[in-house]
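See below for the structure under consideration.
Just follow the structure's listing: the first ligand is 1, and inside any ligand the first atom is 1. If you're wondering where the values come from, they're calculated on a predicted model, not measured in any experiment. Just so you know, residue 1 is the first one in the sequence shown, and it goes up from there.
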Amino acid sequence: MNVEFNQDQKLMQQSAREFAEKFVKPVAKKLDDTQEFPVELIQRAAELGFMGVAIPEEYGGAGMDSLSYTIMMEEIARYCGSTSVILSVNNSLVCGPLLKYGTEEQKQKWLTPLAKGEKLGCYGLTEPNAGSDCAGTKTNAVDKGDHWLLNGAKIFITNGSHADTALVFANTDPGKGNKGISCFIVDMKSPGFSVKPMHGKMGIRASGLSELVFEDVKVPKENLLGELHKGFKIAMTTLDGGRIGIAAQAIGLARGAFEEALQYSKERVQFGQAISNFQAIQFMLSDMGMKIDAARLLTQKAAWMKDMGQNYNQQASAAKLYASEIATWVTNRAIQIHGGYGYTNEYNVERYFRDARVCEIYEGTSEIQRLVVAANLLGR
Ligand code: CAA
């Protein structure tokens with residue numbers, strides 16, 4: 001693995017950084033306060049190719065690699081958790097499987113507008129009683145001859161409030177567990193499809209989190225993604241890619257909080273001097289910077305392995321696990337360095353902490369990541 005970015009990756013870093021500083025940074029606090037989905041910001045991101053970074057240009061994407069995708073994610077998350085997860089879901093969880101499993105016709109019809117950012121996608125896996133145990137999905141699709149009839153509900157769906165297209169995992173052979181699940185591409189304007197916004201989240205509050213409800217939704221036969229009853233593997237391989245994106249998001253959030261804490265420590269005077277002169281603060285800063293670097297290297301390794309066509313299941317989970325746990329730790333330390341001010345919304349660090357916390361939960365909890373890593377170590 002080359003630790004120096006190539007020309008394309010450098011350009012991605014520059015472009016994402018400029019975009020984030022100019023457009024994301026000024027609105028991040030407002031997005032958290034109002035919980036409004038950043039429609040215009042996402043349109044601007046789409047113009048720069050950030051909605052389908054690793055999707056080939058022939059399908060509307062930017063034609064870059066997974067490493068470039070992690071670079072983009074880190075730069076955006078450095079200022080805003082909500083904006084970065086919106087991009088992550090569209091890139092990894094929707095465009096990713098459409099590219100990998102879609103027919104040529106499906107790619108033209110569904111992937112291309114999503115990768116261009118003309119449309120927005122969401123990923124319908126989680127249900128009220130099927131979270132970590134996502135094979136326990138109760139949503140079902142019944143074969144009606146010329147179409148599938150979809151019934152059920154999904155919760156905690158990022159982008160749900162503004163998405164046009166949903167990938168929905170449903171039971172097509174009840175009683176068969178993970179061997180009876182299929183994946184469908186569903187037009188969210190279909191009759192019987194309704195969306196209920198979910199509020200009250202601790203962080204990532206502008207991501208359009210919603211519940212999706214399907215009441216006799218007719219899904220055309222040609223909207224089956226991949227093979228019948230093979231949807232669980234689509235869900236799993238998709239999450240492998242998604243977890244790299246969430247790792248990069250966690251790094252961005254940790255870095256944003258770290259940079260603010262570093263700056264604050266040089267400005268805040270106590271006992272007649274800047275608090276950065278105190279070893280207690282210096283020790284925190286060194287550990288914060290070191291952990292961010294380590295998490296980035298793990299994440300880049302997972303992305304590089306994906307780009308090389310290697311099995312990256314273990315590395316994606318390890319990167320997501322480590323990056324999300326250090327993001328909670330780093331953002332928490334950033335609050336500590338800010339003292340009482342850090343506990344108020346006058347400073348951004350409390351938002352970084354709230355946003356970072358979910359990285360240990362979504363796209364598989366830290367406990368699930370440990371299971372995945374252990375399964376690989378034990379050769380299962
Ligand atoms: N790639 C390919 N195949 C895989 C795979 C992978 N990564 N992981 C599992 N499989 C295969 C297994 O090989 C096995 O195949 P066979 O039956 O042919 O041998 C099959 O799938 C079943 O595997 P398991 O027995 O390991 O399945 P399980 O039911 O025990 O579940 C799990 C394994 C790792 C716990 C899985 O359920 C999991 O990852 N759960 C977490 C779910 C999750 O991450 N949800 C996130 C929702 S999306 C989200 O959060 C988006 C957002 O808001 C941002």
With hydrophobic residues grouped by side-chain heavy-atom distances under 4.5 Å, do Phe23 and Ile71 end up in a single group? yes

List every atom of ligand 1 that sits less than 4.0 Å from any heavy atom of [X], numbering the atoms from 1 in the order shown and giving each element.
X      : answer
Thr126 : 47 (C)
Lys179 : 16 (P), 17 (O), 18 (O)
Thr237 : 1 (N), 2 (C)
Asn178 : 22 (C)
Ser132 : 37 (O), 38 (C), 40 (N), 41 (C), 42 (C)
Asp240 : 1 (N), 6 (C), 7 (N)
Gly131 : 42 (C)

Identity and separation of the nearest protein heavy atom to [atom]:
atom                    : answer
atom 28 (P) of ligand 1 : Phe232 CZ, 4.1 Å
atom 35 (C) of ligand 1 : Ile368 CD1, 3.7 Å
atom 46 (C) of ligand 1 : Glu363 CA, 3.5 Å

Per-atom contact, [atom], protein heavy atoms, under 4.0 angstrom:
atom                    : answer
atom 26 (O) of ligand 1 : no
atom 16 (P) of ligand 1 : yes
atom 30 (O) of ligand 1 : no
atom 7 (N) of ligand 1  : yes

With a 4.5 Å heavy-atom cut-off, do Phe169 and Phe232 have their side chains touching? no

Are Val349 and Ile337 close enough, and set up right, to give a side-chain contact (heavy atoms from CB on, under 4.5 Å), and what steps lead you there? CA-CA 10 Å; Val349 284; Ile337 290 172; over 6 Å; no

Is there a donor-acceptor pair closer than 3.5 Å between any side-chain N or O of Tyr79 and the backbone N or O of Leu253? no

[X]-ligand 1 polar pair, N/O distance under 3.5 Å:
X      : value
Lys233 : yes
Tyr362 : no
Gly364 : yes

Which heavy atom of Ala163 sits nearest a heavy atom of Gly121, and at what distance? CB-C, 4.0 Å

Any side-chain donor-acceptor pair under 3.5 Å between [X] and [Y]?
X      : Y      : value
Glu104 : Gln108 : yes
Thr139 : Glu127 : yes
Thr237 : Tyr101 : yes

If you draw a 6.0 Å radius around NZ in Lys107, do more than 12 non-hydrogen atoms from other residues or ligands fall strictly inside? yes

Should [X] be listed as contacting ligand 1, given a heavy-atom distance under 4.0 Å as the test?
X      : answer
Arg243 : yes
Leu371 : no
Leu93  : yes
Ala235 : no

Looking at Arg354 and Glu350, is there a salt bridge between them, counting it only when a charged N and a carboxylate O are closer than 4.0 Å? yes

Any ion pair linking Glu259 and Arg78 (charged N to carboxylate O, less than 4.0 Å)? yes

Which option out of Thr158, Val372, Thr238, Ile155 puts a heavy atom nearest to atom 34 (C) of ligand 1? Val372

Please state which option from Gln369, Glu367, Met236 has its nearest heavy atom closest to atom 5 (C) of ligand 1. Met236

Name the one of Arg296, Gln13, Arg17 that satisfies side-chain hydrogen bond (donor to acceptor under 3.5 Å, both in side chains) with Glu74? Arg296

Check for me whether the distance between the ring centres of Phe193 and Phe214 falls short of 6.0 Å. yes

For Met72 and Leu87, run side-chain contact (heavy atoms from CB on, under 4.5 Å): C-alpha distance rounded to whole Å, both residues' side-chain angles, the deciding distance at 0.1 Å, then the answer. CA-CA 9 Å; Met72 183 279 288; Leu87 298 176; 3.8 Å; yes

